[in-house]
Trainee: 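Could you have a look at this structure, given as structure tokens, before my questions?
We name chains A, B, ... by the order of the sequence lines, and we start the count at 1 in each one. Just so it is clear, the structure is predicted and the values come from calculations on it, not from any experiment.
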Amino acid sequence: MTVRTRVAPSPTGDPHVGTAYMALFNRVFAKSQGGRFILRIEDTDQARSSAASEQAIYDALRWAGLDWDEGPDIGGDFGPYRQSERLEIYRRHADRLLESGAAFRCFCTQERLDEVRRAQQSRRETPRYDGHCLALDPHEVAARVDRGEPNVVRLRVPEEGDCRFEDGLRGEIVIPWRQVDSQVLVKSDGFPTYHLAVVVDDHLMQISHVLRGEEWISSFPKHQLLYHAFGWPMPAHYHLPLLRNPDTSKLSKRKNPTGLNYYRRSGYLPEALLNYLGLMGYSMPDERELFTVDEMTAAFDLNRVSTGGPVFDLAKLDWMNGHYIRALTPGQFMDRVADWALNRDNLSPIAPLVQTRTERFIDILPQVDYLLGERAKLTAADFEHKTLSVEDCRRILDHAVRRLETLDDWQRDALYTAIKSLADAMDIKMRDFLSPLFIAVSGRAVTLPLFDSLAYLGRDLVRSRLRSAIEALGGVSKKEGKRLERSYRALV
RNA sequence: GUCCCCUUCGUCUAGUGGCCUAGGACUCCGGGUUUUCAUCCCGGCAACAGGGGUUCGACUCCCCUAGGGGACGCCA
């Protein structure tokens, strides 16, 4: 049997370090077995998926060196590899489930479902579909479908007993069927949900081993039900531990840089990042800590993957990155620095901004230090302003973070429009509103134009600087965070 | 709240019943080399969550408790 593994990111937002983590282990395992590693794009969420984000995934994974044998952009024998291009396949399979009775149509409105959920929660029950449409008369169902009444397809779940399954790392896992919800398999827009798509695709793409995050353990029973309903053999499943924040919660961008682009733009070498990721929940048989992906592949042993959630520790990553940088020859070092940022392509957006402000070339570097390097560390004193209080600054920065988080188009003009409308909504003069942003981003009040700087730095670096600025201003308590969230929502 | 997963130094980890006086790495602290700094070298601090079993013998096996995490969406 050929080993085939996959990584299946959804193209929503920025490429995540967790995606690289899963890609690394899937790729290393497949290659260690002489198998193939597949990239599949899970873009079944029409509202959140974007072509730009999909492209960003390709770029980020290629930067990391985690290339794939089959994928949407390079093709392969089991395509298409983009789920939005497989709708007909899912529809056909959903019909099979409907015919066999493994699934049923549900006409419940969002309002009714919300109400049911609320009632269940107030009774302190686990929110769960209440079976309202489970036993509809087939003729009625057909008639309502013919009338074009919106509906979804749901999975029929056993009322009693336990679901048992084998996890390659954790042994047998037993989950009571009562815990499992009648999952929606096909949404009212005709798109499948993850659960249907993942099973159908993993089967049709002949995936032999599924290495994925442990967040999927609790939905495994649904997948098992689907494999059984289709009469398909199940791939071996391995639930890898989740990367953690220093406070041990699941790695999140609010608490840690999680964007691959943050690491790329900050000047981490991909081989260092990958080496570090290879140490998360894994150790080499001979305990060596410095190794390449090829070396990891040559010695890989799935049984050495551990199950405790590892904290992503920037201090050790930094040390390791430094180690890899020092190991370069001076020539390689210069090439890598040029690849990173000191090249025409990367410098060209900055050049026109600096040129008009330059009398002698010696004036250039101090102006661009914060664009090409880390900006100076801030204290509350840096934000002092004639009319804005510390609280005002925190509120501005907080709201700016929230606003920029949801901004799709990370271009100068779009950034301006977003920030301007926010300042107007908060009834603060643009000139004042921008002051803490200038400090947060560049470390000083007099500097190159803000929106060009934001555009140049990119989402990940900007988020990280804004957040650290808020920390410098005393940070935001849980309570204040909630207040700020309400205040923000009242504005937009 | 319900269900599931997890639990060795602050962090990443080694350890598969005796090799453990629990090893390595990062961080931190001390010292050395270096015109400074960094590198490099040497040294140090620091852990088996708790309680019961099983066993001649438990970090290792079992149970309970505690703690942490995840899931509970027409998101993935």
Trainee: Report the distance from atom CD of A/Glu215 to atom C1' of B/G68, rounded to the nearest whole Å.
Mentor: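 Distance, rounded to whole Å: 17 Å.
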
Trainee: If pairing requires Watson-Crick or G-U wobble contacts with both distances under 3.5 Å, which nucleotide is the partner of B/G1?
Mentor: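 Base partner found: B/C72.
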
Trainee: For the P atoms, the ones on B/C9 and on B/C59, what distance do you get once it is rounded to whole angstrom?
Mentor: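 That atom pair is separated by 15 Å.
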
Trainee: Please state how far atom NZ in A/Lys255 lies from atom P in B/G68, giving the value in whole angstrom units.
Mentor: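 Spelled out: NZ on A/Lys255 to P on B/G68 is 13 Å.
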
Trainee: May I ask you to evaluate whether A/Arg117 reaches the phosphate of B/C74, defined as a side-chain N or O under 4.0 Å from OP1 or OP2?
Mentor: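 Yes.
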
Trainee: B/C61 and B/G30: how far apart are their C1' atoms, nearest whole angstrom?
Mentor: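 The answer is 43 Å between these two C1' atoms.
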
Trainee: Does any donor atom in the side chain of A/Tyr324 or A/Asn275 lie under 3.5 Å from an acceptor atom in the other side chain?
Mentor: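 A/Asn275 and A/Tyr324 do have a side-chain donor-acceptor pair below 3.5 Å.
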
Trainee: Taking the six-membered ring of A/Phe78, is NZ or CZ of A/Arg4 closer than 6.0 Å to its centre and within 45° of its axis?
Mentor: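 Yes; both conditions hold, so A/Arg4 lies above the ring face of A/Phe78.
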
Trainee: Quick one: the side chain of A/Ser218 and the base of B/C72, do they pair up donor-acceptor inside 3.5 Å?
Mentor: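 No.
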
Trainee: For A/Phe291 and B/A25, give me the distance from atom CZ to atom P, rounded to whole Å.
Mentor: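 Interatomic distance, CZ of A/Phe291 to P of B/A25: 15 Å.
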
Trainee: Tell me which nucleotide among B/G69, B/C74, B/A76 gets nearest to the side chain of A/Ser10.
Mentor: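 Comparing B/G69, B/C74, B/A76 against the side chain of A/Ser10, the answer is B/A76.
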
Trainee: Is A/Cys163 touching bases, backbone alone, or none of the nucleic acid, heavy atoms closer than 4.0 Å?
Mentor: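 Since no nucleic acid heavy atom lies under 4.0 Å of A/Cys163, the category is nothing.
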
Trainee: Between B/G73 atom P and A/Tyr194 atom OH, what is the distance in whole Å?
Mentor: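 Answer to the nearest Å: 16 Å.
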
Trainee: Tell me the partner of B/A58, counting only Watson-Crick (N1-N3 plus N6-O4 or O6-N4) or G-U wobble (N1-O2 and O6-N3) with both under 3.5 Å; none if nothing fits.
Mentor: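 Its partner: none found.
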
Trainee: Would you mind reading off the distance between A/Lys316 atom NZ and B/U27 atom C1', rounded to a whole angstrom?
Mentor: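 Distance, rounded to whole Å: 10 Å.
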
Trainee: Assess whether one donor atom and one acceptor atom, taken from the side chain of A/Gln183 and the base of B/G73, lie less than 3.5 Å apart.
Mentor: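 No, the side chain and the base share no sub-3.5 Å donor-acceptor pair.
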
Trainee: Honestly, is A/Arg96 close enough over A/Phe230, meaning NZ or CZ under 6.0 Å from the six-membered ring centre and within 45° of the axis?
Mentor: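 No, a cation-pi geometry is absent between A/Arg96 and A/Phe230.
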
Trainee: If we take the C1' atom in both B/G10 and B/U2, what is their distance in whole Å?
Mentor: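 Going atom to atom, C1' in each nucleotide, I get 33 Å.
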
Trainee: Is there a side-chain polar atom (N or O) of A/Arg105 under 4.0 Å from OP1 or OP2 of B/C74?
Mentor: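 The answer is no; no side-chain N or O of A/Arg105 sits under 4.0 Å from OP1 or OP2.
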
Trainee: Can you identify which nucleotide, out of B/C74, B/G73, B/C75, has its nearest atom closest to the A/Asp45 side chain?
Mentor: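 The nucleotide sitting nearest to the side chain is B/C75.
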
Trainee: Between A/Glu42 and A/Tyr194, do the side chains contain an N or O donor and an N or O acceptor separated by less than 3.5 Å?
Mentor: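 Checked: A/Glu42/A/Tyr194 side chains show no N/O donor-acceptor pair below 3.5 Å.
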
Trainee: Could you work out the separation of B/G31 and B/U13 based on their P atoms and round it to a whole Å?
Mentor: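 Each nucleotide's P atom is 33 Å from the other's.
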
Trainee: On RNA chain B, compare the nucleotides closest to A/Pro127 and A/Thr307; which residue's is nearer the 5' end?
Mentor: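 Nearest nucleotide further toward 5': that of A/Thr307.
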
Trainee: Using a heavy-atom cut-off of under 4.0 Å over every strand shown, decide if A/Arg288 touches base, sugar-phosphate, or nothing.
Mentor: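 The residue A/Arg288 makes no contact with any strand.
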
Trainee: Report yes if a side-chain nitrogen or oxygen of A/Ser283 is closer than 4.0 Å to either non-bridging phosphate oxygen (OP1 or OP2) of B/A14; otherwise report no.
Mentor: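 Indeed, a polar side-chain atom of A/Ser283 lies that close.
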
Trainee: Only one of A/Asp69, A/Thr297, A/Asn26 forms a side chain to side chain donor-acceptor pair (under 3.5 Å) with A/Lys31, so which one is it?
Mentor: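 With A/Lys31 as partner, A/Asp69, A/Thr297, A/Asn26 yield a single side chain to side chain donor-acceptor pair (under 3.5 Å), made by A/Asp69.
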
Trainee: Between A/Arg170 and A/Ser188, just flag the one whose closest nucleotide in RNA chain B comes earlier from the 5' side.
Mentor: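 So the residue in question is A/Arg170.
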
Trainee: Between P on B/A25 and CD on A/Glu289, what's the gap in Å once rounded to a whole number?
Mentor: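 It works out to 8 Å between those atoms.
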
Trainee: For A/Lys250 and B/A76, is the shortest distance between a side-chain N/O and OP1 or OP2 below 4.0 Å?
Mentor: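 Checking B/A76 against A/Lys250, no side-chain N or O comes under 4.0 Å of OP1 or OP2.
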
Trainee: Can you find a side chain N or O atom of A/Thr44 that sits less than 4.0 Å from OP1 or OP2 on B/A76?
Mentor: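 Yes, A/Thr44 has a side-chain N/O under 4.0 Å of OP1/OP2 on B/A76.
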
Trainee: Mind checking A/Arg48 for me? I need base, sugar-phosphate or nothing, with any heavy atom below 4.0 Å counting as a touch.
Mentor: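 Base, at least one base heavy atom under 4.0 Å.
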
Trainee: Any base atoms under 4.0 Å from A/Val198, or only sugar-phosphate, or nothing? Heavy atoms, all strands.
Mentor: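 No contact at all - A/Val198 keeps every heavy atom at 4.0 Å or more from the nucleic acid.
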
Trainee: Taking B/A38 as the reference, what is the distance to B/C12 when you measure between their P atoms (whole Å, please)?
Mentor: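 Those two atoms are separated by 27 Å.
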
Trainee: So which nucleotide does B/C28 pair with, by the Watson-Crick or G-U wobble rule with both distances under 3.5 Å?
Mentor: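 In the structure as shown, B/C28 has B/G44 as its Watson-Crick or wobble partner.
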
Trainee: Out of B/G23, B/C74, B/C4, which has the shortest distance to the side chain of A/Lys187?
Mentor: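 Looking only at side-chain atoms, A/Lys187 lies closest to B/C74.
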
Trainee: Can you tell me if A/Arg463 uses its side chain to pair, donor with acceptor, with the backbone of A/Leu404 under 3.5 Å?
Mentor: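 Such a contact is absent between A/Arg463 side chain and A/Leu404 backbone.
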
Trainee: Would you say the side chain of A/Glu214 and the base of B/G69 hold a donor-acceptor pair, judged only by whether the two atoms sit under 3.5 Å apart?
Mentor: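 Answer is no: no donor-acceptor pair is held.
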
Trainee: When rounded to the nearest Å, what value does the distance between P atoms of B/U60 and B/C6 take?
Mentor: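 Here B/U60 and B/C6 have their P atoms 16 Å from each other.
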
Trainee: Rounding to the closest angstrom, what is the interatomic distance between B/A22 and B/A58 at atom C1'?
Mentor: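 To the nearest whole Å, 13 Å.
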
Trainee: For a quick check of understanding: with a heavy-atom distance under 4.0 Å over all strands, which category does A/Val311 fall into, base, sugar-phosphate or nothing?
Mentor: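 Sugar-phosphate contact only.
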
Trainee: Whole-Å distance between B/C75 P and A/Gln46 CD?
Mentor: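 It works out to 10 Å between those atoms.
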
Trainee: Give me the distance, rounded to whole Å, that separates B/U55 from B/G43 when you measure between the C1' atoms they each carry.
Mentor: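 The answer is 40 Å between these two C1' atoms.
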
Trainee: Which nucleotide, in any strand shown, forms a Watson-Crick or G-U wobble pair with B/U7, with both distances under 3.5 Å?
Mentor: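 Pairing partner: B/A66.
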
Trainee: Using atom CD1 of A/Ile175 as one end and atom P of B/U2 as the other, report the distance to the nearest whole Å.
Mentor: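 Taking CD1 of A/Ile175 and P of B/U2, I get 16 Å after rounding.
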
Trainee: Would you find more than 12 non-hydrogen atoms of other residues, nucleotides or ligands less than 6.0 Å from A/Glu159 atom CD?
Mentor: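 Open: at most 12 neighbouring heavy atoms sit under 6.0 Å from CD of A/Glu159.
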
Trainee: Between A/Ser182 and A/Phe104, is the side-chain contact (heavy atoms from CB on, under 4.5 Å) condition met? List the steps.
Mentor: CA-CA 10 Å; A/Ser182 267; A/Phe104 61 96; 4.0 Å; yes

Trainee: At under 4.0 Å between heavy atoms, what does A/Met320 touch on the DNA or RNA strands: base, sugar-phosphate, or nothing?
Mentor: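 It contacts nothing in the nucleic acid.
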
